[in-house]
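For reference, the structure is listed below as structure tokens.
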Amino acid sequence: MKKIEAIIRHYKLEEVKNALTESGIQGMTVSEVRGFGRQHGHKETYRGAEYTVDFLPKVKLEVVVDDGDLQRAVDTITSHARTGQIGDGKIFVSSLDEVIRIRTGEQGGGAV
Amino acid sequence: MKKIEAIIRHYKLEEVKNALTESGIQGMTVSEVRGFGRQHGHKETYRGAEYTVDFLPKVKLEVVVDDGDLQRAVDTITSHARTGQIGDGKIFVSSLDEVIRIRTGEQGGGAV
Amino acid sequence: MKKIEAIIRHYKLEEVKNALTESGIQGMTVSEVRGFGRQHGHKETYRGAEYTVDFLPKVKLEVVVDDGDLQRAVDTITSHARTGQIGDGKIFVSSLDEVIRIRTGEQGGGAV
Amino acid sequence: MKTQFIVRWLLASTLLLVMSAVSFSQEAAEGTPVSPAGAPMPAPGIPIPGLTTDTSGPVVVAASEINSGDTAWMLVSSALVLMMTAPGLALFYGGLVRKKNILGVMMQCIILMGMMSTLWVVVGYSLAFDSSIAGGFVGGFKMVMLNGMNISGNGLTLIHKLTIPDLLFMVYQMMFFIITPGLICGAFAERMKFSAMVLFCALWGLLIYCPVAHWVWAGDGMFNHANQDAKFAALDFAGGTVVHLISGASALLCAIMLGKRLGFGQDPMPPHNLTYTFIGATMLWVGWFGFNAGSAGAANAQAVSAFVATHLAAATGTLTWAGIEWFKRGKPSILGACSGCVAGLVCVTPAAGYVTPTSGMILGIVAGVVCYFACTTIKSKFGYDDSLDAFGVHGVGGFAGALLTGIFASAEIAGEGKGGLIEGNSQQFVNQLVACGASLALAVVGTFIILKVVDALVGLRASQEDEIQGLDLSQHGEEGYIISY
Amino acid sequence: MKTQFIVRWLLASTLLLVMSAVSFSQEAAEGTPVSPAGAPMPAPGIPIPGLTTDTSGPVVVAASEINSGDTAWMLVSSALVLMMTAPGLALFYGGLVRKKNILGVMMQCIILMGMMSTLWVVVGYSLAFDSSIAGGFVGGFKMVMLNGMNISGNGLTLIHKLTIPDLLFMVYQMMFFIITPGLICGAFAERMKFSAMVLFCALWGLLIYCPVAHWVWAGDGMFNHANQDAKFAALDFAGGTVVHLISGASALLCAIMLGKRLGFGQDPMPPHNLTYTFIGATMLWVGWFGFNAGSAGAANAQAVSAFVATHLAAATGTLTWAGIEWFKRGKPSILGACSGCVAGLVCVTPAAGYVTPTSGMILGIVAGVVCYFACTTIKSKFGYDDSLDAFGVHGVGGFAGALLTGIFASAEIAGEGKGGLIEGNSQQFVNQLVACGASLALAVVGTFIILKVVDALVGLRASQEDEIQGLDLSQHGEEGYIISY
Amino acid sequence: MKTQFIVRWLLASTLLLVMSAVSFSQEAAEGTPVSPAGAPMPAPGIPIPGLTTDTSGPVVVAASEINSGDTAWMLVSSALVLMMTAPGLALFYGGLVRKKNILGVMMQCIILMGMMSTLWVVVGYSLAFDSSIAGGFVGGFKMVMLNGMNISGNGLTLIHKLTIPDLLFMVYQMMFFIITPGLICGAFAERMKFSAMVLFCALWGLLIYCPVAHWVWAGDGMFNHANQDAKFAALDFAGGTVVHLISGASALLCAIMLGKRLGFGQDPMPPHNLTYTFIGATMLWVGWFGFNAGSAGAANAQAVSAFVATHLAAATGTLTWAGIEWFKRGKPSILGACSGCVAGLVCVTPAAGYVTPTSGMILGIVAGVVCYFACTTIKSKFGYDDSLDAFGVHGVGGFAGALLTGIFASAEIAGEGKGGLIEGNSQQFVNQLVACGASLALAVVGTFIILKVVDALVGLRASQEDEIQGLDLSQHGEEGYIISY
Ligand SMILES: Nc1ncnc2c1ncn2[C@@H]1O[C@H](COP(=O)(O)OP(=O)(O)O)[C@@H](O)[C@H]1O
Ligand SMILES: Nc1ncnc2c1ncn2[C@@H]1O[C@H](COP(=O)(O)OP(=O)(O)O)[C@@H](O)[C@H]1O
Ligand SMILES: Nc1ncnc2c1ncn2[C@@H]1O[C@H](COP(=O)(O)OP(=O)(O)O)[C@@H](O)[C@H]1O
């Protein structure tokens with residue numbers, strides 16, 4: 001099984017989620033993160049004290065899939081999260097040793 | 001060394017934490033996430049505009065353990081986070097290349 | 001490619017970020033977490049009801065780097081996040097199967 | 001679901017309708033002539049003053065014309081007391097619950113603002129301030145739907161000996177009818193069903209608040225100091241007994257009968273937003289000037305006295321509670337300071353307008369000590385789950401205040417014949433005890449019965465699942481803070 | 001950027017300067033002698049009372065000296081109405097937008113507090129309350145910069161028949177001039193450029209609010225009930241037409257002409273902080289006593305009547321909206337309760353001071369029903385994006401209120417000749433319709449033109465990128481909540 | 001810990017006790033007969049009016065009976081000024097600190113409400129308003145514990161020439177005594193130890209505020225314009241010098257002597273919740289009507305003048321600061337708008353009640369410009385860490401206001417003999433300068449000594465560890481927002 005971590009823009013989350021669901025992915029977990037990259041931050045000024053906010057709010061999407069579903073999931077995310085502007089984000093793929101569904105204790109592919 | 005990531009219900013965190021501590025696990029990291037899965041979200045209505053909240057608040061627990069402690073830790077989490085209702089969550093296990101304790105620079109098992 | 005996850009203190013983030021940037025790391029993602037470890041929590045009392053807050057606020061820093069940059073990145077983080085006091089945090093290193101830049105679709109080292 | 005809802009709604013409505021029906025028939029049968037000025041008292045000429053002003057007080061007002069200054073102050077006071085319920089109390093209580101129940105608390109407050117106001121006009125005001133029926137147990141039904149009242153707002157009756165329109169007196173008292181059940185909500189927060197809370201508060205207001213208000217404040221009330229026929233003439237300037245003691249005692253019973261919150265004692269349940277609690281507490285402080293100084297019914301010297309005593313009790317209450325914490329655990333807390341200020345305000349409520357500034361300061365100190373003790377030692381000893389310490393602060397503070405009024409009342413400020421124990425008037429202290437005892441008895445017995453009835457009708461507690469999910473989502477389908485979009 | 005800014009600023013300033021210039025020249029040309037007491041009316045002696053008090057009302061005040069009680073109440077009322085704009089409205093609206101636009105809403109409110117106040121002194125007050133020019137379309141320019149007004153605050157003119165200093169009347173009315181455009185902001189929230197909003201509100205205030213206020217409230221206003229020459233003498237106690245109807249109608253046009261928010265209908269756009277919406281709503285409730293009861297211009301019986309009717313309409317509005325939800329979807333919501341209370345308050349605004357407590361309750365119920373319907377069924381049917389329901393609540397509620405005033409006005413409370421349909425005065429209902437129609441016509445046509453002009457000058461909508469980023473960062477370079485340090 | 005605490009507490013208490021003891025012995029020794037009406041002035045008959053009303057003003061009030069309208073307004077004003085400290089200032093300042101210090105700010109405010117109120121009754125009021133001792137340096141001790149005051153609230157002394165009970169004047173002034181040290185907290189926010197802050201504020205209030213208040217407002221105060229023997233009769237309507245200038249100057253010294261916050265200049269320290277800052281600022285705006293218009297001591301024409309000037313200065317201050325930002329960095333900010341409104345309010349404080357509406361607008365503009373400059377250019381040039389710009393806004397704004405009062409005061413509004421430079425009275429400008437200079441000198445020297453003493457007793461700064469953890473947890477053991485349960 002593979003874990004896909006995708007850092008995407010907030011306002012793309014709904015679209016990506018729907019696309020993944022349609023493509024048959026049944027579970028995912030998201031969290032709020034702040035990202036730093038090629039996309040420039042912005043300046044904020046508070047009573048003359050100016051400083052740069054380098055970290056921009058992003059959403060991290062974690063999807064665990066069977067190896068066979070990997071490519072489809074990655075493609076779905078890539079195509080729906082893309083705007084073509086700097087700051088679209090990254091996808092990281094890694095391998096999992098095991099997946100367990102807490103409710104049933106099921107392991108492996110069936111647990112995804 | 002193994003990394004255990006468990007997505008569990010908020011109100012189970014205290015119980016799971018205590019159980020892990022009793023079983024000798026000394027460290028863990030938690031974060032707030034929102035999960036999407038078999039458990040249905042709920043509908044919210046704001047002045048007639050109804051929409052579905054698919055993502056439900058969950059807690060993500062990350063525990064890094066020596067390979068030998070893996071099974072015990074997974075079992076502890078599974079048994080204490082379980083309610084038997086849909087939405088109990090998932091456990092993902094992966095392998096780590098290295099662990100470093102920042103304070104001392106220690107590496108490997110001793111750093112956990 | 002390697003993924004570095006570092007749990008550090010809030011007030012060290014700015015310093016670590018600057019050090020990483022200077023050492024040529026161009027991207028990273030941070031999130032708010034709460035940590036439990038050797039560092040003791042504190043007691044809070046609300047109208048006589050005292051309880052222990054075990055989980056302390058920490059920052060999780062995720063940096064994906066080419067294998068060759070790993071050591072430098074780890075060293076940079078270690079040296080700048082260290083205070084020598086319990087609670088400095090941990091660094092976890094794992095391997096990634098793939099990295100994709102959403103904007104361009106680039107894969108592998110060039111996508112970092 | 002819907003049918004269930006309708007059935008229950010009908011049941012509740014019927015109760016109210018019956019009461020109103022009784023009233024009208026009664027009135028028709030008796031054929032009581034209602035005077036055009038709206039004075040519903042049977043024997044005009046006999047002075048039966050209400051509220052807190054009376055002929056023996058230091059300020060004798062000629063009840064013959066509307067005074068614009070007094071009217072201005074009472075308009076403001078009415079607004080201030082409404083502000084106490086919301087945003088005041090809603091924030092004070094709302095900050096103390098867990099995030100998932102914040103809207104539940106706020107909803108309770110705003111629905112009370114809607115419901116109790118309506119009930120007050122329909123029948124509550126009459127039950128509280130009409131002349132006694134049932135042997136003095138409660139007021140009659142002659143003023144149902146403000147019947148007989150000069151609604152143009154222009155009329156002045158002798159009954160209250162005030163220089164403000166009767167309608168203003170009515171609406172000012174309405175604000176008390178709103179906030180009193182609101183205080184009880186602190187005891188059953190985070191677990192009571194919304195429908196149960198609605199029904200409970202409506203019944204509690206009519207069946208417990210109105211009688212006690214009648215006893216203490218109505219012209220012919222049996223504990224009203226201004227009623228010359230009262231055997232046990234008590235002093236309760238702004239509601240130590242009527243508002244705080246009975247709501248606090250009822251709150252304790254609610255906490256016990258509903259049982260503890262799931263996870264109580266194991267899971268941490270810290271206040272989710274102490275900044276709200278602080279904002280709420282300080283708004284209560286400001287609003288309480290309307291509550292206490294407004295209870296003078298005029299912008300006069302007694303209002304000023306009440307204002308000063310109120311402020312000073314809040315001040316010393318704050319210092320006392322925070323000071324005890326500083327001494328006992330090394331750190332004064334903001335929750336302690338806020339609790340202390342409210343405790344001081346509660347305790348001075350019956351006494352404001354009757355005591356000197358120095359006595360006000362003493363009352364605040366006593367309040368800080370006894371309420372701190374009640375909210376920490378006593379609560380943890382008996383183990384009931386009074387979620388937000390409605391009993392510990394209002395019940396205990398209100399009781400202390402009622403007794404202390406009997407001790408510290410000063411004739412110089414309160415008026416002739418209204419001195420307390422320190423001025424040698426031990427009878428006053430006895431009267432305070434009797435009034436408290438009778439009110440407590442009704443509050444406890446009445447609350448017990450109402451809770452049983454409500455439980456039978458709609459069930460008191462939210463389901464386990466609903467409680468875990470939080471009342472915001474389960475009862476109202478909403479979340480307090482949505483910060484992810 | 002800067003040059004662009006300057007150019008636009010100059011354009012806008014020019015508009016204003018031209019208007020002022022016109023005024024002075026006009027005045028110079030006419031050489032009208034301004035009486036030392038500051039009374040700008042040409043024909044003293046002829047009773048031309050303004051606002052809502054007049055000789056036929058139940059309270060006849062001798063306009064000969066300043067009354068301290070009335071002054072106290074009007075000082076407080078002015079403060080309360082300012083509090084309605086902020087924190088009240090700012091929180092009510094601010095809680096309903098997404099997190100990234102919260103400061104945008106707050107900025108609109110505080111800038112209106114700055115800008116509209118200034119404009120009112122410069123020219124707005126004159127346009128609204130000076131004697132008519134342009135065939136009664138608007139007031140003249142003789143009081144530009146408070147010219148001719150007794151600025152020591154000591155003077156009393158016969159014009160308003162009030163017992164408070166003219167300066168106090170001026171500043172009380174100023175607060176209405178601030179909040180009215182603020183209400184419109186609910187319609188274009190989350191997408192209008194800040195510069196466009198500034199320009200729009202300035203022009204809207206001067207070109208639409210001032211004329212309508214003149215028609216309804218100025219001594220020689222064509223719809224002023226107190227103006228004996230008015231053919232269609234309308235009743236608008238505190239601004240159902242002047243404030244709510246025209247701002248609501250303009251809001252709808254804004255929503256349509258600006259277009260929908262990006263992602264409207266697809267992305268969820270839930271309120272980011274309903275606790276703020278609740279705090280705001282309850283502050284509006286409290287502040288509205290200044291708005292409505294303050295519109296009596298004195299601390300008199302009519303103020304009390306208005307206070308009571310206002311409170312009761314809010315109460316039943318709350319219950320009605322929440323009740324409909326309870327019935328229709330099984331759960332009453334806090335947003336529903338808050339919306340209902342505001343709807344009730346809006347609807348009772350023109351009627352307060354003219355109706356009985358019972359009528360106040362009825363108005364609240366009607367408001368709850370029609371505004372619920374407008375904000376849910378109608379809005380979703382037509383599909384316009386009135387972000388925060390400025391039209392659904394203020395437009396619809398204001399219109400309903402204006403008509404209901406014509407039905408329920410009671411001569412007993414409002415004064416002779418001011419009864420409504422239920423007292424057989426069908427003409428009053430017609431007059432209400434006419435006044436509403438004329439005001440609506442000006443609001444719609446005027447708003448259309450102003451929007452076109454503003455669009456041409458600075459562009460109405462924030463760029464797509466700015467809208468996605470949120471107005472807080474894109475327009476003001478700040479974030480509302482920064483909790484990571 | 002506990003013993004340490006007790007030691008320190010004893011030290012502090014001793015200080016206070018000694019002062020009180022001195023007072024009583026002094027009084028006993030002198031045997032001054034205190035008149036029954038509570039007038040503590042030695043020579044009745046000689047007009048020694050206080051505050052801001054005097055015989056030469058435009059409104060001559062007969063000080064013979066309590067006026068209900070004036071009393072109503074002053075009750076409200078007292079409540080409003082308390083509201084300024086909390087929730088007002090607490091939110092304004094609280095929003096500007098980092099999340100981990102929000103409760104620290106709120107705790108400071110509520111403890112000041114408790115402590116300063118108590119101190120005022122015990123000895124502060126006497127120090128400020130009793131007749132001079134020590135060659136006019138400060139008031140005496142004859143009114144310690146309100147000794148000699150008519151506590152029934154019914155008495156009226158000639159001393160203040162007011163138509164409200166003396167007790168009301170006392171409590172109104174108390175509210176100023178609370179907020180003034182509160183303003184200083186902005187300078188040492190996020191790093192001062194709680195115990196140090198408590199001790200500092202108590203000493204500062206008694207040793208600096210009381211003398212300056214005595215000079216400017218006591219009947220025989222050396223700068224009191226109403227004191228015919230005053231050589232440098234200054235105009236300070238509501239506390240430009242007494243409240244803002246001296247708190248601002250002391251704030252600067254605190255900022256410098258405590259040193260910068262850890263990480264200042266490197267780590268970002270943005271406001272954690274600008275929505276709170278906004279709510280606070282707008283509550284300050286509303287509350288300031290009590291502060292300024294209340295300083296008339298009555299609901300009269302001067303109160304109205306003050307109200308209008310205050311509002312307009314806030315309005316133009318808002319526009320000016322936001323406008324400068326718009327011009328200089330392309331975006332007006334909400335923090336800028338809020339800062340500008342407070343700057344305008346500060347600056348108009350000494351002038352309100354003495355100036356025309358137009359002058360009020362000018363004062364707001366000047367305040368916006370100079371305070372903007374002080375908070376940005378000057379602060380960054382000198383590099384001190386005045387965390388929340390207590391000096392930049394209150395010190396600079398208060399100084400500007402004091403001088404501008406000497407320029408713009410208009411005899412038409414302020415009363416005969418109170419015109420400023422523009423009316424040719426250059427002496428007034430000199431007097432303003434002298435009063436400011438003397439007050440500044442005491443503030444700076446006194447603050448320096450007090451800081452040294454407090455440092456020696458308990459230490460000024462929180463430990464490095466405590467500061468990093470945040471004051472909420474380290475000083476109070478609590479967190480502001482807990483959103484994980
Ligand atoms: N090396 C990295 N490690 C971890 N996260 C990264 C890394 N590089 C980029 N990111 C994440 O991806 C986001 C987008 O990257 P950015 O460089 O701004 O745009 P793009 O991917 O279009 O070049 C960043 O905000 C950050 O959260
Ligand atoms: N494929 C997945 N990838 C990532 N997270 C998942 C995945 N499936 C489930 N989850 C997480 O686990 C939680 C529980 O899953 P759910 O399907 O609702 O219940 P259950 O595991 O009991 O069947 C989800 O809310 C989500 O956070
Ligand atoms: N086994 C672990 N698994 C996951 N996170 C851990 C683990 N041990 C420590 N951590 C994280 O590292 C942080 C610091 O650890 P702690 O034991 O307090 O200090 P130190 O690393 O200096 O001994 C913890 O707060 C927690 O977030």
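Source: prediction; values computed, not measured. So you know, we letter chains A, B, ... as the sequences are listed, proteins then strands, and number each from 1.
Distance check, rounded to the nearest 0.5 Å: OG of E:S117 to CE of F:M361 gives 9.0 Å. To the nearest 0.5 Å, atom OG of residue E:S68 and atom CG of residue F:N300 are 9.0 Å apart. Once rounded to the nearest 0.5 Å, the distance linking CD1 of F:I334 with CD of E:Q108 reads 9.5 Å. Atom-to-atom distance recorded for F:W285:CH2 and E:M83:CE is 15.0 Å, nearest 0.5 angstrom. The distance from the CG atom of F:L274 to the NE2 atom of E:H476 is 11.5 Å, given to the nearest 0.5 Å. Taking OG1 of F:T356 as the reference point, atom CE of E:M149 lies at 13.0 Å (rounded to 0.5 Å).
Residue F:M283 comes nearest to E:P87 through the heavy atom pair CG-CG, 3.8 Å, listed as atom of the first residue, atom of the second, then distance. Nearest heavy-atom pair, E:M107 versus F:A322, reported as atom, atom and distance to 0.1 Å: CE-CB, 4.4 Å. What you find for F:G69 and E:A72 is that their closest heavy atoms are O-CB, 3.5 Å. F:V286 and E:A79 make their closest contact through CG1-O, 4.0 Å (heavy atoms, listed as atom of the first residue, atom of the second, distance).
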Check your understanding: Can E:V171 and F:F307 be said to form a side-chain contact (heavy atoms from CB on, under 4.5 Å), step by step?
Key -> CA-CA 9 Å; E:V171 83; F:F307 189 108; 3.9 Å; yes

Practice item. Step by step, work out the side-chain contact (heavy atoms from CB on, under 4.5 Å) result for F:T282 and E:M113. Key: CA-CA 10 Å; F:T282 52; E:M113 286 161 74; 4.3 Å; yes

**Study point:** side-chain contact (heavy atoms from CB on, under 4.5 Å) between F:H311 and E:L82, worked out
**Key:** CA-CA 10 Å; F:H311 180 71; E:L82 185 69; 3.8 Å; yes

Practice item. Could you go through the side-chain contact (heavy atoms from CB on, under 4.5 Å) check for F:W73 and E:T71 one step at a time? Key: CA-CA 8 Å; F:W73 172 236; E:T71 300; over 6 Å; no

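Counting heavy atoms from C-beta outward, F:V308 and E:M174 have side chains that stay 4.5 Å or more apart. Counting only heavy atoms from C-beta outward, the side chains of F:W326 and E:S195 approach each other to under 4.5 Å.
At a 4.5 Å heavy-atom cutoff, the contact between E:L473 and chain F is made by backbone atoms alone. Using a 4.5 Å cut-off between heavy atoms, F:L312 touches chain E through its side chain atoms alone. No part of E:M116 comes within reach of chain F, as not one of its non-hydrogen atoms sits under 4.5 angstrom from that chain. For F:L319, the part lying near chain E is the side chain, with the backbone staying farther off; criterion is any non-hydrogen pair under 4.5 Å. For a residue to count as touching a neighbouring chain, one of its non-hydrogen atoms must lie under 4.5 Å from one of that chain's; by this rule E:I279 does not touch chain F. Both the backbone and the side chain of E:L75 come within contact range of chain F, with heavy atoms under 4.5 Å apart. Heavy atoms of F:L80 lying under 4.5 Å from chain E are absent altogether. For a residue to count as touching a neighbouring chain, one of its non-hydrogen atoms must lie under 4.5 Å from one of that chain's; by this rule F:A314 does not touch chain E. Heavy atoms of F:P332 lying under 4.5 Å from chain E belong to its backbone as well as its side chain.
Remark: the backbone N or O of F:L335 is paired with a side-chain donor or acceptor of E:E478 at under 3.5 angstrom. The backbone N or O of E:Y481 lies less than 3.5 Å from no partner atom in the side chain of F:K99, so there is not a single donor-acceptor pair.
The most heavy-atom pairs under 4.5 Å with chain F, out of E:I178, E:L168, E:T85, come from E:L168. The most heavy-atom pairs under 4.5 Å with chain E, out of F:G344, F:P357, F:S333, come from F:S333. Interface remark: of the candidates F:T275, F:T277, F:T358, F:T318, F:T275 forms the most heavy-atom pairs closer than 4.5 Å to chain E.
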